[in-house]
Amino acid sequence: MTLWKSFGASVRGPSHITEGLPNQDAWMSFHHTWGDGIVVSDGVGSKPFSNFGSDAACLAVGCAALACRIKAEISQVEIDRDYLLERIQHYWLSNISPLEPRDCSATCLFAFRFGDGLIHFGMLGDGLVAALKPDCSVVSLTEDKGYGFSNITTALSTNVSLNEWRHISLPEEECIAVFLCTDGVADDLDDVDGFVSGFIEAHCPIAEISANRRTREMLEKWPTPKHSDDKTIACLFREDAPDA
């Protein structure tokens with residue numbers, strides 16, 4: 001029997017602590033009979049309500065995942081990626097109302113399973129989405145800066161298009177664990193594959209409460225020069241329980 005579990009942490013950067021500002025990052029996990037998943041979001045720093053935007057993004061993914069699952073069951077069809085991404089935007093806009101979307105811009109990174117044999121990954125904006133495979137290789141998504149200026153972050157808005165999302169799907173058996181992080185972590189990684197595989201190896205075998213605590217402690221003591229950013233990590237991993 002295979003169980004999917006999760007853990008994570010989010011901390012304010014020193015500049016936000018000094019200025020008394022809220023954490024603009026957010027993360028969420030969900031575990032239901034119909035599926036398991038994790039989400040992270042980074043509110044765009046220049047926006048006045050970006051912390052509301054990041055919280056709303058996490059909730060929007062959970063709602064959209066359920067809506068997509070229900071639609072697939074009713075219609076007896078495969079998961080509709082475009083419908084999923086459209087639902088995320090719809091629920092995000094609903095969640096931030098009556099605030100203006102331009103004041104709540106936030107990135108959105110997710111990974112979840114529906115029981116269709118696949119892990120579905122999506123990414124809008126910067127950060128990192130990575131999956132550790134059984135052969136210890138790492139498959140990752142990062143923001144494509146090939147279009148537009150590199151200092152402009154793609155984020156949820158009223159007019160985000162489907163082609164601005166990056167997405168992949170992997171068979172569940174080809175995925176040991178999934179790692180998501182905001183750019184406060186991702187931008188400082190010189191060896192992405194090494195960091196991801198080492199983090200998963202160190203944290204997934206221990207109890208969830210311990211993994212949460214260790215992740216938070218690591219983020220609070222982040223050693224690199226860009227440590228002023230808010231930082232968030234979330235991990236979804238499989239645990240094969242022994243047969244009864």
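The first residue in the sequence is number 1, and the count goes up from there. We use all heavy atoms of the structure for the numbers below, so side chains are in, but hydrogens, waters and symmetry mates are not.
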Discussion item. As a quick check of understanding, evaluate ring-ring contact (aromatic ring centres under 6.0 Å, His included) for Phe110 and Phe121, giving each step before the final call.
Written reply: CA-CA 6 Å; Phe110 65 79; Phe121 305 84; 8.6 Å; no
Practice prompt. Please confirm whether the backbone N or O of Cys58 pairs with a side-chain atom of Ser41, one donor and one acceptor, at under 3.5 Å?
Written response: no
Practice prompt. Sequence neighbours left out, what passes ring pair (Phe, Tyr, Trp, His ring centres under 6.0 Å) with Tyr91? Give chain and number order.
Written response: none
Fill in: Partners meeting side-chain hydrogen bond (donor to acceptor under 3.5 Å, both in side chains) with Ser161 (sequence neighbours left out)
Asn163, Glu164
Discussion item. Going by the rule salt bridge (Lys or Arg N to Asp or Glu O under 4.0 Å), which residues pair with Glu172 if we only count those two or more places apart in sequence or in a different chain?
Written reply: Arg113
Worksheet item: Which pair of heavy atoms, one from Ala131 and one from Leu170, lies closest together, and at what distance?
Response: CB-CD1, 3.9 Å
Discussion item. Counting the benzene-type ring for Trp, do Trp165 and His167 have ring centres under 6.0 Å apart?
Written reply: no
Worksheet item: For Leu99, what are the other residues in its hydrophobic cluster, where any two members join if their side-chain heavy atoms are less than 4.5 angstrom apart?
Response: Phe49, Phe52
Worksheet item: Is any side-chain heavy atom of Leu141 closer than 4.5 Å to a side-chain heavy atom of Leu109?
Response: no
Fill in: Partner of Asp187 by side chain to side chain contact (heavy atoms under 4.5 Å, CB included), out of Val185, Asp183, Leu189
Asp183
Fill in: Residue list, side-chain hydrogen bond (donor to acceptor under 3.5 Å, both in side chains) with Ser54, at least two apart or on another chain
none
Fill in: Pairing residues for Lys47 by the side-chain hydrogen bond (donor to acceptor under 3.5 Å, both in side chains) criterion, not counting sequence neighbours
none
Worksheet, complete the sentence: Hits for side-chain hydrogen bond (donor to acceptor under 3.5 Å, both in side chains) against Gln89, two or more places apart or cross-chain, chain-then-number order -> none
Discussion item. Per the side-chain hydrogen bond (donor to acceptor under 3.5 Å, both in side chains) rule, what does the pair list look like for residues 192-216, sequence neighbours excluded?
Written reply: none
Discussion item. Is it the case that over 12 heavy atoms from other parts of the model lie below 6.0 angstrom from the NZ atom of Lys71?
Written reply: yes
Discussion item. When you compare the side chain of Trp4 with that of Ser6, does any pair of heavy atoms fall below 4.5 Å?
Written reply: no
Discussion item. Under the rule for salt bridge (Lys or Arg N to Asp or Glu O under 4.0 Å), what residues qualify as partners of Arg102, not counting sequence neighbours?
Written reply: Glu100
Report all side-chain donor-acceptor pairs from residues 14-23 shorter than 3.5 Å, counting only partners two or more places apart or in another chain.
residue, atom, partner, partner atom, Å
His16, ND1, Asp230, OD1, 3.0
His16, ND1, Asp230, OD2, 2.9
Thr18, OG1, Pro14, O, 2.9
Asn23, OD1, Asp25, N, 2.8
Asn23, ND2, Ser10, OG, 2.8

Item to complete: Could you tell me which non-hydrogen atom of Trp92 sits nearest to which non-hydrogen atom of Gly53, and how far apart they are?
Response: NE1-O, 3.0 Å
Worksheet item: Does the side chain of Leu59 reach to within under 4.5 Å of the side chain of Met28, using non-hydrogen atoms?
Response: yes
Worksheet item: Are side-chain heavy atoms of Arg166 and Val129 found at a separation under 4.5 Å?
Response: no
Discussion item. Asp55: which residues meet the salt bridge (Lys or Arg N to Asp or Glu O under 4.0 Å) condition with it, sequence neighbours left out?
Written reply: none
Practice prompt. Over all heavy atoms of both residues, which pair between Thr2 and Arg238 is shortest? Give the atoms and the distance, please.
Written response: OG1-NH2, 3.5 Å
Item to complete: Measure the acute angle between the ring planes of His120 and Phe112, then classify it against the limits of 30° and 60° as parallel, tilted or perpendicular.
Response: tilted
Worksheet entry | Thr232 backbone acceptor or donor facing Thr182 side chain under 3.5 Å | yes
Worksheet item: Given the rule in the side-chain contact (heavy atoms from CB on, under 4.5 Å) test, do Asp229 and Trp222 qualify, once you have shown the distances and angles that lead to the verdict?
Response: CA-CA 10 Å; Asp229 292 343; Trp222 197 255; over 6 Å; no
Item to complete: Only counting residues at least two apart or in another chain, list the ones meeting side-chain contact (heavy atoms from CB on, under 4.5 Å) with Ala177.
Response: Ile200, Cys204, Cys235, Phe237
